[in-house]
Amino acid sequence: FVSVIAAAAFSFRMQRVWCISMVLEPSMLGGGFSDTPGNVKAKIESGAFDLNVIRALKLGSGAEIRLAVSQPADSTFLKLSINKADNDKELGIRILTQYLNALTAFYQEAVDLQKDGINRQMSVVGNTIKDKYDAIKLAEENLKIVEAREIELIDELKGTKNNTEQLLVK
């Protein structure tokens with residue numbers, strides 16, 4: 001009975017721990033050109049972004065981030081969680097926010113390359129359309145010239161026929 005009272009007293013004196021979490025969809029990082037959820041999870045778990053987050057938040061050289069990353073079954077989402085004591089919950093929020101910023105910055109180069117490629121493709125297609133439009137306009141102009149020349153030739157033939165008939169009648 002004494003141990004139950006001691007455990008109850010101890011648990012009331014313990015600091016509360018908050019689980020702060022963020023859910024993100026890796027395919028949406030940087031506008032839709034990203035990595036698979038499994039690859040992003042592996043990069044986070046390997047600590048690929050830890051140093052950037054520690055530096056950005058000025059946590060100090062000995063700081064360690066204990067971030068849990070999970071991917072719900074059959075989904076493209078990742079859940080990033082961090083446990084922080086009552087007095088550190090704001091730091092937990094800042095850490096997760098900085099992780100999102102680091103991930104977005106990491107994939108931004110890939111996004112920019114994709115955008116550049118798409119812009120070049122659009123430019124090529126636009127130039128092709130313009131060239132085809134110009135070719136159609138030129139063909140229409142040539143057709144007008146041919147039609148006008150056809151009318152002139154028909155008039156010349158009529159005139160030649162009339163002259164020939166007049167010569168034959170005389």
Side-chain angles (χ1 to χ4, degrees), residues 19-59 63 65 67-82 90-170:
C19 179
I20 303 149
S21 50
M22 165 177 72
V23 175
L24 60 92
E25 187 172 13
S27 64
M28 299 309 291
L29 289 172
F33 305 105
S34 184
D35 222 340
T36 65
N39 286 345
V40 174
K41 181 180 182 220
K43 286 175 186 171
I44 293 170
E45 288 175 337
S46 72
F49 303 102
D50 288 359
L51 188 58
N52 290 340
V53 171
I54 289 168
R55 283 182 181 162
L57 296 176
K58 299 176 181 153
L59 297 179
I65 298 174
L67 190 67
V69 184
S70 62
Q71 180 181 4
D74 299 324
S75 78
T76 58
F77 297 99
L78 292 178
K79 180 179 179 183
L80 284 66
S81 303
I82 191 166
E90 288 300 319
L91 176 62
I93 293 169
R94 288 187 9 240
I95 287 171
L96 289 179
T97 302
Q98 192 56 43
Y99 258 95
L100 179 61
N101 294 341
L103 285 164
T104 302
F106 180 79
Y107 288 104
Q108 190 61 48
E109 184 177 339
V111 169
D112 290 343
L113 288 174
Q114 282 280 13
K115 284 182 182 177
D116 289 345
I118 290 170
N119 286 337
R120 280 193 298 275
Q121 288 175 348
M122 287 173 47
S123 178
V124 166
V125 169
N127 287 338
T128 302
I129 291 171
K130 184 184 177 305
D131 291 345
K132 296 292 183 190
Y133 179 78
D134 291 344
I136 290 170
K137 282 295 187 191
L138 181 61
E140 287 174 345
E141 291 298 320
N142 285 338
L143 184 60
K144 286 180 185 176
I145 292 170
V146 168
E147 287 173 344
R149 182 68 181 136
E150 181 183 22
I151 291 171
E152 289 175 5
L153 289 174
I154 289 173
D155 288 344
E156 280 182 34
L157 281 174
K158 285 180 184 176
T160 303
K161 180 182 174 194
N162 286 341
N163 286 343
T164 305
E165 287 175 356
Q166 285 177 0
L167 286 173
L168 289 176
V169 174
K170 292 186 180 178

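Nothing here was measured: the structure is a model prediction, and the numbers come from that model.
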Give every residue pair that meets the side chain to side chain donor-acceptor pair (under 3.5 Å) criterion with at least one member in residues 137-152, sequence neighbours excluded.
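Listed by first then second residue: R149-E152.
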I need the full list of side chain to side chain donor-acceptor pair (under 3.5 Å) pairs touching residues 122-135, with sequence neighbours left out, sorted by first then second residue.
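The answer is K130-D134.
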For [X], all residues meeting side-chain contact (heavy atoms from CB on, under 4.5 Å), sequence neighbours excluded:
{"X": "N101", "value": "T97, Q98"}
{"X": "R94", "value": "L57, L91"}
{"X": "A63", "value": "I54, L59"}

Distance-minimising heavy-atom pair for [X] and [Y]:
{"X": "K41", "Y": "V69", "value": "CE-O, 3.3 Å"}
{"X": "P37", "Y": "Q71", "value": "CB-NE2, 3.4 Å"}
{"X": "T76", "Y": "E25", "value": "OG1-OE2, 2.8 Å"}

Inter-residue atom distance [X].[atom1] - [Y].[atom2], 0.5 Å rounding:
{"X": "I20", "Y": "S81", "atom1": "CD1", "atom2": "OG", "answer": "9.5 Å"}
{"X": "L143", "Y": "I136", "atom1": "CG", "atom2": "CD1", "answer": "13.0 Å"}
{"X": "F49", "Y": "I95", "atom1": "CZ", "atom2": "CD1", "answer": "15.5 Å"}
{"X": "L78", "Y": "S70", "atom1": "CG", "atom2": "OG", "answer": "7.5 Å"}
{"X": "M122", "Y": "I129", "atom1": "CE", "atom2": "CD1", "answer": "10.0 Å"}
{"X": "I82", "Y": "I93", "atom1": "CD1", "atom2": "CD1", "answer": "11.0 Å"}

So do the side chains of L51 and R55 get within less than 4.5 Å of each other, counting heavy atoms only?
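A side-chain contact exists here, since the closest heavy-atom pair is under 4.5 Å.
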Any non-hydrogen side-chain atom of Y107 less than 4.5 Å from a side-chain atom of V40?
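Counting from C-beta outward, Y107 and V40 do come under 4.5 Å.
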With sequence neighbours left out, write down each residue that passes salt bridge (charged side-chain N to carboxylate O under 4.0 Å, His left out) with K43, or none if nothing qualifies.
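Counting only residues at least two positions away or on another chain, K43 forms a salt bridge (charged side-chain N to carboxylate O under 4.0 Å, His left out) with D35.
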